[in-house]
> 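Please find one structure pasted underneath; my questions will follow.
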There are 2 protein chains.
Amino acid sequence: MNIQTLCLSILYERDATGYEIRQLSTKGEYSYFVEASFGSIYPALKKLEKEGFVTSRYETAKGSPTKKIFSITDKGRSKFYNSLFDEIGEDIFRSEFLLFARFVSLLPASLVKQRINEKIERLKKKREHLLSILNSKLSKADIWVLNFGIEMIEVEINYLKTHMQQLLDIAIKENIATKAT
Amino acid sequence: MNIQTLCLSILYERDATGYEIRQLSTKGEYSYFVEASFGSIYPALKKLEKEGFVTSRYETAKGSPTKKIFSITDKGRSKFYNSLFDEIGEDIFRSEFLLFARFVSLLPASLVKQRINEKIERLKKKREHLLSILNSKLSKADIWVLNFGIEMIEVEINYLKTHMQQLLDIAIKENIATKAT
DNA sequence: ATTTATATATATCGGTTTGATATATATAAA
DNA sequence: TTTATATATATCAAACCGATATATATAAAT
């Protein structure tokens, strides 16, 4: 999924600034399966405008810098609609945590335990965040997508909780200072 | 997780060519949570060699082009080991399928059904592949990581199977030619 | 009252990574 | 004998990330 397509998918349903597209893709309802930086969003919007897929207008509001608001054109609309009939690319999953997990036999159990707990905490936060978004007014399809994400995160949390001991058993056991004299 | 670290993680346990690193990261036991292209692996190895973290030697074998085999140095070994104590970066998940799912209300149910089935088939293949790797001689940690991946894929398959009808109900129902005259 | 932190907002730039392509050898299948 | 597949190295343009710069306004803290 390239950034141009992501921008069009958001502009398909509402006008937005580059900043808002960034917020939606990293903190909003798309944050579970999308990620885009300013360094890719602004150039993508510029190129889309040059090619006639979007237009822009400036709006000055009290309390914030001037906004550059983008709107999708009919040309952009049909470009995106047609792309929905293309073959769907593979999902991308990359995990530094799992790379770490491969090497726990070299590491102290205390570190491994800490990293697993940090991982679980992050997943819980993400879960809470997705649940909070579920309360806003969303389309049925968006609710489906969000529920999918929440389910996956819950399974991951449970798996880590129930299998973390296995990983700790592989790690290096530290000597526990025995109290007895 | 940058490609240099990925290369070191593989070379930490065995010598390898750039080609083999590519195979391991896209088809082998790391394929569930890693992805790297030749265009990033070869430059990464070149840079690692220049900086003294790996060394290389050429080997000519019958039946294949000359191999450039990389070995990790003590310097590379401690660089990688120390990196295991760094904070772990967030997992990355991106899904063109979920972007597609957001727009099923614009699309014919037949297309949606086809795409979901294609998705399930791909997941089943990946699951079978990971199961087949599980039969090779692996460390306990690698088995843990693989089982984690297999579990996640199985949950995803089941979720898609049990919830696909919800998505089809949102899609555009095509007229079914009634047989009766 | 004043400093600090946070949120909103646009934009660029260096470095990394992808995806495609070029080149070459050998084997297996059609 | 042609074609496809696997092995193997390597480069390049385009895409993308992460960091940074700039600016305004509000909220919080001291």
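Not measured: the values here are computed from a predicted model. No hydrogens, no waters, no symmetry mates; every other heavy atom, side chains included, goes into these values. A, B, ... follow the sequence lines: proteins, then strands. Residue 1 opens every chain.
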> Tell me: CD1 of I41(B) to P of dA20(C), nearest whole Å?
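My rounded result for the distance is 16 Å.
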> Which heavy atom of P108(A) sits nearest a heavy atom of E174(A), and at what distance?
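Result for this residue pair: CB-OE2, 3.1 Å.
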> Over all strands shown, is E35(B) touching base, sugar-phosphate only, or nothing at heavy-atom distances under 4.0 angstrom?
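Sugar-phosphate, no base atom in range.
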> Select from Q4(A) and P43(B) the residue whose nearest nucleotide in DNA chain D is closer to the 5' end of that strand.
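It is P43(B), whose closest nucleotide lies nearer the 5' terminus.
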> Starting the side chain at C-beta, find the nucleotide from dC16(D), dT10(C), dT17(C) nearest to I3(A).
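Among the listed nucleotides, the one closest to the side chain of I3(A) is dC16(D).
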> Given atom CD1 of I69(B) and atom P of dA8(D), what is their separation to the nearest angstrom?
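Atom-to-atom, I69(B) to dA8(D), this comes out as 9 Å.
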> Quick one: N2(B) CG to dG18(D) C1', roughly how many Å, whole number?
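Answer to the nearest Å: 13 Å.
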> Ignoring hydrogens and geometry, is there a side-chain-to-backbone donor-acceptor pair from K27(A) to S25(A) under 3.5 Å?
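No: the side chain of K27(A) does not pair with the backbone of S25(A).
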> Ignoring the backbone of K68(A), work out which of dT10(C), dT11(D), dC17(D) is nearest its side chain.
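The answer is dT10(C), which lies nearest to the side chain.
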> Which nucleotide in the list dT8(C), dG18(D), dA10(D) gets nearest to the side chain of Q23(A)?
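Selected nucleotide (nearest to the side chain): dT8(C).
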> R22(B) has an atom CZ; how far is it from atom C1' of dT17(C), in whole Å?
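About 12 Å, once rounded to whole Å.
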> Name the orientation class of the two ring planes belonging to Y159(B) and H163(B) (parallel below 30°, tilted from 30 to 60°, perpendicular beyond 60°).
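Parallel.
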> Nearest of dA15(D), dA10(D), dC17(D) to any side-chain atom of K47(A)?
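In terms of side-chain proximity for K47(A), the closest of dA15(D), dA10(D), dC17(D) is dA15(D).
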> Using the salt bridge (Lys or Arg N to Asp or Glu O under 4.0 Å) rule, take R127(B) and E154(B) through it: C-alpha gap first, then chi angles, then the decisive distance, then the call.
CA-CA 7 Å; R127(B) 179 181 166 280; E154(B) 280 174 356; 2.7 Å; yes
> May I ask which nucleotide in the shown strands pairs with dT8(C), Watson-Crick or G-U wobble, both distances under 3.5 Å?
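Across all strands, the one nucleotide that pairs with dT8(C) is dA23(D).
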> Within the 4.0 Å heavy-atom criterion, would you say K27(B) contacts the bases, only the backbone, or no part of the nucleic acid?
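Nothing, no heavy atom under 4.0 Å.
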> Under a 3.5 Å limit for both distances, which nucleotide forms a Watson-Crick or G-U wobble pair with dA29(C), could you say?
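Because both required distances fall under 3.5 Å, dA29(C) counts as paired with dT2(D).
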> Determine which nucleotide pairs with dT16(C), using a 3.5 Å limit on both distances of a Watson-Crick or G-U wobble pair.
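Because both required distances fall under 3.5 Å, dT16(C) counts as paired with dA15(D).
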> Does dA10(D) have its OP1 or OP2 closer than 4.0 Å to a side-chain nitrogen or oxygen of Y42(B)?
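The answer is no; no side-chain N or O of Y42(B) sits under 4.0 Å from OP1 or OP2.
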> Nearest to the side chain of F38(A), which nucleotide is it out of dA11(C), dT9(D), dC16(D)?
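Out of dA11(C), dT9(D), dC16(D), the nucleotide with an atom closest to F38(A)'s side chain is dA11(C).
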> Whole angstrom is fine here: how far is it from CD in E51(A) over to P in dA14(D)?
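From E51(A) CD to dA14(D) P: 13 Å.
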> Take E20(B) and I92(B), find for each the nucleotide of DNA chain D with the closest heavy atom, and name the residue whose nucleotide sits nearer the 5' end.
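Closest to the 5' end, via its nearest nucleotide, is E20(B).
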> Give the nucleotide from the list dC16(D), dT10(C), dA10(D) with an atom nearest to the side chain of Y58(B).
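Closest nucleotide to the Y58(B) side chain: dA10(D).
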> Between R94(A) and dT18(C), is there a side-chain N or O to OP1/OP2 distance below 4.0 Å?
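Answer is yes, contact under 4.0 Å.
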> Rounded to whole angstroms, how far apart are CD on E49(B) and C1' on dA10(D)?
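After rounding, the gap between these two atoms is 14 Å.
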> For a quick test of reading the model: is some side-chain N or O of T17(A) closer than 4.0 Å to OP1 or OP2 of dT10(C)?
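Yes.
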> Within the structure, does a side-chain N or O atom of S37(B) lie under 4.0 Å from either OP1 or OP2 of dT18(C)?
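Yes.
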> Under 6.0 Å from the six-membered ring centre of Y12(A) and within 45° of its axis: does the NZ or CZ of R77(A) meet both?
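Because its charged atom sits under 6.0 Å from the ring centre and within 45° of the axis, R77(A) does stack over Y12(A).
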> Compare side-chain N and O positions of K67(A) against OP1 and OP2 of dA9(C) and report whether any pair is under 4.0 Å apart.
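Yes.
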> Testing the basics here: between L99(B) and S9(A), what is the closest heavy-atom pair and its distance to 0.1 Å?
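Scanning both residues, the minimum pair turns out to be CD1-OG, 3.6 Å.
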> May I ask you to verify if any side-chain N or O of Y19(A) is less than 4.0 angstrom from the OP1 or OP2 atom of dT8(C)?
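Indeed, a polar side-chain atom of Y19(A) lies that close.
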> Can you check whether K46(B) has a side-chain N or O nearer than 4.0 Å to OP1 or OP2 of dT11(D)?
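It does, given that an N or O in the side chain of K46(B) lies less than 4.0 Å from OP1 or OP2 of dT11(D).
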> For the residue pair N2(B) / T5(B), report whether a side-chain donor-acceptor contact shorter than 3.5 Å exists.
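Their side chains do contain a donor-acceptor pair, which is all the 3.5 Å distance test asks for.
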> How long is the line joining CD of E59(A) and C1' of dT8(C), in whole Å?
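Distance, rounded to whole Å: 15 Å.
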> When we call it a touch if two heavy atoms are under 4.0 Å apart, what does G39(A) touch: a base, just sugar-phosphate, or nothing?
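G39(A): base contact, heavy atoms under 4.0 Å.
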